[in-house]
Amino acid sequence: MRLESWSRTSGTCITRKKILDRIVLNKQTFNRRPRIYVYMSLVLRYGGRIGAGVMLIGLVLLHLHPGAGTPDNLPGTMFFRALLHFDAVAWMQAGILVLIATPILGLLTATTVAIFDRDWRLFINGLLLMLMLCITLLVR
Amino acid sequence: MALLLVGAGVIISILGSLLGIGGGVILVPFLVLGLHVPIHQAVATSLVAIIATSSQVAAFGEQHGFTNIRLALLLNAFTILGATLGSLWATRVEEEILRDIFAGAVFVIAFIMLIQNRLKQTPPPESNSGYFAAEYYDPNEKRDIAYRPGHVAAAFGAIFVSGAFSGMIGTSGGIFNVPVLSLVSRVPIRAAAATSSLMIGLTAVAGTLVYYQAHFIRPALATPIVLGIMLGSWLGTRLSVHVHSKWLRRLFIVLLLVTALKMIMA
């Protein structure tokens with residue numbers, strides 16, 4: 001039963017032997033992955049999905065209240081107020097911000113894991129990239 | 001209108017998946033020539049879409065251990081610098097100049113697509129020693145592949161230019177990154193593609209931050225397109241197994257050249 005549902009989610013028609021082969025392959029790969037891969041993969045996958053979900057809420061709100069909301073980006077304080085009032089544009093903007101934050105969180109995860117793994121070159125590299133992104137944020 | 005944009009995003013993304021390119025090179029001309037969106041807003045929308053898709057693709061690469069994280073983060077220093085400078089410059093120039101640059105870049109992309117299959121990679125030295133050395137299990141070859149990237153410093157310049165173009169014209173840069181990683185640094189193609197997908201996400205973030213601050217991101221335009229592209233990317237990866245893209249690729253190159261000419265003349 002479990003094998004059948006697994007094959008359905010993979011979207012391809014495969015035999016039971018192939019399913020077993022693939023499970024063995026996946027186990028071989030997954031068991032050996034360093035934790036940096038596991039954590040980064042989780043952050044990127046769920047960050048992207050959450051961002052898309054929030055954007056979808058904004059799109060639904062736009063359909064429920066056509067013509068509502070402002071057509072452009074909302075500045076700081078207005079943005080949070082509009083978000084609480086279920087403004088469609090504010091929710092879409094929040095989704096975009098979550099999407100932008102996702103790779104940055106992935107980088108933060110890699111840098112943090114590098115500390116625990118005592119991979120100081122990767123740690124310094126991660127810090128440098130975050131510094132560069134901060135400078136990008138400040139430059140106008 | 002929103003549904004039309006979602007549909008366009010789905011089609012663009014499926015086409016991109018079948019052709020093995022990012023959607024930016026299709027999305028920007030569609031928005032500029034088809035919907036008369038100012039090119040700065042089109043580029044900003046494309047960069048947001050790139051972040052969305054690259055997060056999902058990079059997560060897959062890392063889940064299976066194909067990505068070389070150390071190499072990706074080192075090279076990202078150059079792509080981020082390039083994207084920041086490129087996007088800062090792009091937000092300050094006239095639309096016509098940006099259109100011409102986009103058209104020029106499209107010619108280069110068409111040329112790379114034309115010669116891509118003829119480029120032969122020297123097999124990487126099988127080694128698991130060295131800081132950038134990595135190992136992954138290749139499900140097609142059913143064996144472990146250990147490799148050590150070489151000439152990493154030689155890739156810096158090309159990767160910087162790739163980042164700059166990404167920030168300027170809203171393309172992912174994957175079409176430049178993968179051949180550079182594969183041919184210059186001799187990273188196996190599967191690992192090069194996964195490493196590039198991690199790199200393009202952070203590169204697009206740098207560009208997006210600049211466009212966001214300059215108020216070129218329009219949520220009502222970007223949202224349906226990004227959602228469509230995410231859906232299309234999911235469908236496209238499943239379709240690409242069944243579709244032979246040789247003729248589609250040739251047709252697309254012609255279409256790219258026509259688009260480039262239209263961008264110059266518009």
Side-chain angles (χ1 to χ4, degrees), chain A residues 11-12 22 25-26 28-30 32-34 36-38 40-49 51-52 55-56 58-59 62-63 69 71-74 88-93 95-97 99-104 106-107 110-111 119 121-122 125-126 128-129 132-133 135-137 139-140, chain B residues 2-3 6 48 51-65 67 69-70 73-74 76-77 80-81 83-84 87-88 131 135-137 139 142 144 198 201-210 212-224 226-227 230-231 237-238 241:
Chain A
T12 49
R22 282 172 70 165
L25 292 183
N26 282 339
Q28 281 175 350
T29 314
F30 292 167
R32 290 178 320 175
R33 278 176 308 154
I36 192 168
Y37 285 86
V38 180
M40 271 190 89
S41 160
L42 285 174
V43 168
L44 293 178
R45 175 170 297 117
Y46 288 104
R49 286 180 189 175
M55 287 169 104
L56 189 63
L59 200 62
L62 193 70
H63 273 274
D72 212 337
N73 280 333
L74 297 162
V89 174
W91 276 81
M92 289 192 264
Q93 193 177 331
I96 292 171
L97 289 174
L99 277 184
I100 295 172
T102 299
I104 300 173
L107 175 63
T111 312
D119 186 345
R121 278 169 81 173
L122 188 66
N125 196 169
L128 175 74
L129 294 185
M132 288 174 83
L133 289 174
I135 292 170
T136 305
L137 204 60
V139 173
R140 280 170 194 270
Chain B
L3 279 178
V6 172
V48 177
I51 296 173
T53 46
S54 84
S55 295
Q56 302 307 300
V57 179
F60 177 83
E62 280 154 28
Q63 188 185 2
H64 292 268
T67 313
I69 294 179
R70 285 173 172 171
L73 294 191
L74 175 75
N76 255 148
I80 289 176
L81 183 65
T84 305
S87 50
L88 276 171
Y131 183 70
E135 193 181 13
Y136 65 92
Y137 183 81
K142 295 196 173 179
D144 286 321
L198 178 63
L202 276 169
T203 311
V205 165
T208 309
L209 287 174
V210 174
Y212 188 84
Q213 302 222 75
H215 300 284
F216 283 124
I217 295 178
R218 279 177 57 199
L221 172 73
T223 297
V226 169
L227 290 174
M230 285 180 90
L231 179 65
T237 43
R238 276 148 187 83
V241 182

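In what follows, every chain begins at residue 1, and chains take the letters A, B, ... in the order their sequences are listed. Excluded from the calculations below are hydrogen atoms, water molecules and symmetry mates; all remaining heavy atoms, backbone and side chain alike, are included.
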Taking side chain as everything from C-beta outward and backbone as N, CA, C, O, which of these in [X] sits under 4.5 Å from a heavy atom of chain A? Side chain, backbone, both or neither.
X	value
B/Ile51	side chain
B/Val57	neither
B/Thr208	side chain
B/Leu227	side chain

In Å and rounded to the nearest 0.5 Å, what is the [atom1] to [atom2] distance from [X] to [Y]?
X	Y	atom1	atom2	value
A/Gln93	A/Met55	CD	CE	10.5 Å
B/Ile69	A/Asn125	CD1	CG	11.5 Å
A/Met92	A/Leu56	CE	CG	11.0 Å

> Considering only heavy atoms from C-beta outward, does the side chain of A/Leu129 approach that of A/Thr111 to under 4.5 Å?
Replying inline: no
>> Among B/Ala83, B/Ser55, B/Ala52, which residue has the highest count of heavy-atom pairs closer than 4.5 Å to chain A?
In response: B/Ser55
>> Out of B/Thr67, B/Asn76, B/Leu221, return the one with the most heavy atom pairs under 4.5 angstrom to chain A.
In response: B/Thr67
>> Walk me through whether A/Leu107 and B/Leu73 qualify under side chain to side chain contact (heavy atoms under 4.5 Å, CB included).
In response: CA-CA 8 Å; A/Leu107 175 63; B/Leu73 294 191; 4.0 Å; yes
>> Under 4.5 Å from any heavy atom of chain B, what part of A/Ala52 do you find: side chain, backbone, both or neither?
In response: both
>> With a 6.0 Å cut-off (strictly less than), is the heavy-atom count around OH of A/Tyr46, excluding the residue itself, greater than 12?
In response: no
>> Among B/Val210, B/Leu81, B/Leu88, which residue satisfies the side chain to side chain contact (heavy atoms under 4.5 Å, CB included) criterion with A/Thr136?
In response: B/Val210
>> Let's test your reading of the structure: which of A/Leu42, A/Ile135, A/Asp119 forms the most heavy-atom pairs below 4.5 Å with chain B?
In response: A/Asp119
>> I need the residue from A/Val139, A/Leu137, A/Thr102, A/Leu128 with the largest number of non-hydrogen atom pairs under 4.5 Å to chain B.
In response: A/Leu137
